[in-house]
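Working notes for the structure below.
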Amino acid sequence: MKSRKNISHQCVVSLTWVLKDTLGEVLDVLDEPVEFLVGGQDLLAKIEDALQGHGPGDTVDVHLEPHDAFGDYDDQLLFLEPRHLFPADIEEGMGFEGLPPGCSAQAPRDRLYFVSDIYPDHVVMDGNHPLAGVALRVSLKVHAVREAELEEVGRGTLGTGFFRMPPGEPPSASDEDPPTLH
């Protein structure tokens, strides 16, 4: 009889989820299982902790306050920038890795920015994660668990994480790619 592999540090877990705000509004649904590295940068710490010891078929519900997820909203990360520095087809909600040359020198260069408002002469760029300041409820379903391969552990990520660290936090030495949202 084959024993069931449970989640532990430095394993790979295949998950689906439903992500809601505290009012119950669905923010994201992942229907097809995706693999994440436990013990790397793919999952938020509180989610990793909640998953420990669970195995295939288990469902885990986690409540995340903003400080456990994508941080508090910081109005100091809003920047009014000249419209001509951006592509002509710019739309609200578009994301940019850093801001184009000529933008505010106070804007951190290592963040993801989202277009929040467009005016004839200016664009408002928001360096906050889209879920910053939002308490979340996530219902996770474990589909599979396997040992992580040495190469996966060395990279610190499988590169597929929705729950990667928020933009602007310093990446670990093993990060090859900048932090992402999805």
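Remember, predicted model here, so these are calculated numbers, not experimental data. Side-chain atoms are counted along with the backbone in the values below, which use heavy atoms only and exclude waters and symmetry mates.
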Determine whether more than 12 heavy atoms belonging to other residues, nucleotides or ligands lie under 6.0 Å from atom NZ of Lys20.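 Not more than 12 within 6.0 Å, no.
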Glu152: side-chain hydrogen bond (donor to acceptor under 3.5 Å, both in side chains) partners, not counting sequence neighbours: Arg146
For Asp21 and Leu27, what are the C-alpha separation, side-chain angles and deciding distance, and is it a side chain to side chain contact (heavy atoms under 4.5 Å, CB included)? CA-CA 7 Å; Asp21 63 17; Leu27 303 174; 4.1 Å; yes
How would you list all residue pairs meeting ring pair (Phe, Tyr, Trp, His ring centres under 6.0 Å) that involve residues 87-113, not counting sequence neighbours?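 Only Phe86-Phe96 qualify under ring pair (Phe, Tyr, Trp, His ring centres under 6.0 Å).
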Charged N-O contact under 4.0 Å between Glu147 and Lys5: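 Counted as a salt bridge, because a side-chain N and a carboxylate O are separated by less than 4.0 Å.
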I want to check something: taking the side chain as every heavy atom from C-beta on, are [X] and [Y] in contact at a cut-off of under 4.5 Å?
X      : Y      : value
Cys103 : Leu85  : yes
His122 : Arg83  : no
Phe114 : Pro130 : yes

Does the side chain of Gln52 pick up a donor-acceptor pair with the side chain of His54 at under 3.5 Å?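 Looking only at side-chain atoms, His54 and Gln52 do not form any donor-acceptor pair under 3.5 Å.
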Would you say Asp68's side chain and Lys46's backbone share a donor-acceptor pair under 3.5 angstrom? no
Please check if the side chain of Glu48 supplies one atom and the backbone of Gly39 the other of a donor-acceptor pair under 3.5 Å. yes
Closest heavy-atom pair and its distance - Asp61, Ser139: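 In this case the closest contact between Asp61 and Ser139 is OD1-OG, 2.8 Å.
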Specify the closest pair of heavy atoms between Cys11 and Val145, including all atoms of both residues, with the distance to one decimal. SG-CG1, 3.9 Å
